[in-house]
2 protein chains.
Amino acid sequence: MSSSKVLRSKSVVRESYHHGDLQAALLEAAVNLVRANGPDHLSLRAVAEQVGVSPSAVYHYFPDKDSLISELGDQLFIQMAVMQREALGNIPGNSARAARLRYRELGRTYFRWANSEPNLFRLMFGGFCKIEKGGTHESEEAFLMLSKCLDELLSTGVITPTMRRYGELISWSAVQGASTLIIEGILPEAAFEELLDGLELAMRGGAK
Amino acid sequence: MSSSKVLRSKSVVRESYHHGDLQAALLEAAVNLVRANGPDHLSLRAVAEQVGVSPSAVYHYFPDKDSLISELGDQLFIQMAVMQREALGNIPGNSARAARLRYRELGRTYFRWANSEPNLFRLMFGGFCKIEKGGTHESEEAFLMLSKCLDELLSTGVITPTMRRYGELISWSAVQGASTLIIEGILPEAAFEELLDGLELAMRGGAK
DNA sequence: CGGGTATCTGAATAGTGTTCAGATTATGGG
DNA sequence: CCCATAATCTGAACACTATTCAGATACCCG
């Protein structure tokens, strides 16, 4: 559908065009408004106005408002994967200790994202972006990073082979769920580090 | 604030009143519309119309649309706790086996609710109902049922004392997260039973 | 340079949340 | 029993929303 999908900081290409790269500009305006007002309460007209364009111009790039939001969600998944990759890059080494640090940091990055931008997190997981059930999703990359991290935990003897089987499922679900429960105010913020402790113990499979 | 908070099937009291118990009627109409169209896309006017009342009548019971949605969310949490209690009632006994069945059924009921009514689930956990962070929440009752179930698992020797400490946090987070990831189409539906398997293994703390 | 086309605008339609003055109805006190 | 009072609901209005479409605009290529 669209050629350039990654959010750019400003509109760079073709300064004196009709508007420049409008698709990106619209998405950037939209992400700011969602960040401030929540995924519901997003107004197409406000998006258009902030870009300095007529409301109807939006319909040249998105069939309707929901599609804009959905596309925005896809970009947020990509952005999240980038953050995960950066977080992993800060923790080098092949030791068991390094693998454990990476595991925790993956979860922490996930939660930090949710907690610092709850409205964007809600956009991603609140049914706003329609995800086709068969195809491959943008979240695939984050999933693969987690898988690799779990492989390291297994090969360094931190986790048991049995628990390795359930590693992605339990880790991702728990981190996702805790993030939701915390940003919605049901669990306190301190619960997340506690969850990571428990999760590590559980995955090690030796807690008496 | 409101005296009668529980959803009743139809308007029962005072048939020939102004309208009968309108607050309840509005909430019931709203829950049906949210179920069908999602928490975003809920129209106040549609709610009023389905009840057969003027749009402005709503403002005698709720200060604005968001408050109606928030109140609806509270009721859904209560309704969910009722389902959990019913599920537990179907599994009597003090054996370790019974406790394990109850544990699984608590999770299953949670997920079944999410999966059968994704839009209501999104309403509950999508930032629509404002939850005051200090006070006690409607989810407290479900939390206590889980705690009691974990106590039973501990006393019957199914789980370790160490993992008991993290029981509520890990279980609730994992079930919540898996429910979200599945209904949003990121994980397949079959993943939930697998999660329960892994969760039980992890909580037992003996998986090599 | 001029025709064609992608891009954007203006106006219009139908629907939204919200407010408020007033009409309607039930209820409690004489 | 009836009337004043208060609770309840309506109608119309306002500002705002998504969406459509005929037309104006500005770019690009031959």
Send over the distance from [X] [atom1] to [N] [atom2], rounded to a whole Å.
X	N	atom1	atom2	result
B/D21	D/dA7	CG	P	17 Å
A/D40	D/dC16	CG	P	19 Å
B/D66	C/dG17	CG	P	10 Å
A/I69	D/dA18	CD1	P	9 Å
A/F62	D/dT19	CZ	C1'	16 Å
A/K65	C/dG15	NZ	C1'	13 Å
A/Y59	C/dT9	OH	P	14 Å
B/L68	C/dT16	CG	C1'	15 Å

Do you see a donor-acceptor pair shorter than 3.5 Å between the side chains of [X] and [Y]?
X	Y	answer
B/Q84	B/Y110	no
B/S54	B/S56	yes
A/H41	A/N119	no

Which residues share a side-chain hydrogen bond (donor to acceptor under 3.5 Å, both in side chains) with B/E141, sequence neighbours left out
B/R85

In numerical order, the residues of residues 42-58 of chain A whose heavy atoms come under 4.0 Å of DNA chain C are A/V53, A/S54, A/S56, A/A57

Quick one: does B/M80's side chain get under 4.5 Å of B/M124's, heavy atoms only?
yes

Starting the side chain at C-beta, find the nucleotide from C/dC8, D/dT19, D/dC9 nearest to A/D64.
D/dT19

Salt bridge between A/R108 and A/E105, side-chain N to carboxylate O under 4.0 Å?
yes

With a 4.0 Å cut-off on heavy atoms, is B/Y61 in touch with a base, just the backbone sugar-phosphate, or nothing at all?
sugar-phosphate

Exceeds 12 heavy-atom contacts within 6.0 angstrom, atom CG of B/N90
yes

Return the orientation label for the B/W172 and B/F143 ring planes: parallel under 30°, perpendicular over 60°, tilted otherwise.
tilted

Given Watson-Crick and G-U pairs under 3.5 Å, DNA chain C in dot-bracket ([ ] crossing, | other strand) is ||||||||||||||||||||||||||||||

CD of B/E71 to CZ of B/F62: how many Å apart, nearest 0.5 Å?
5.5 Å

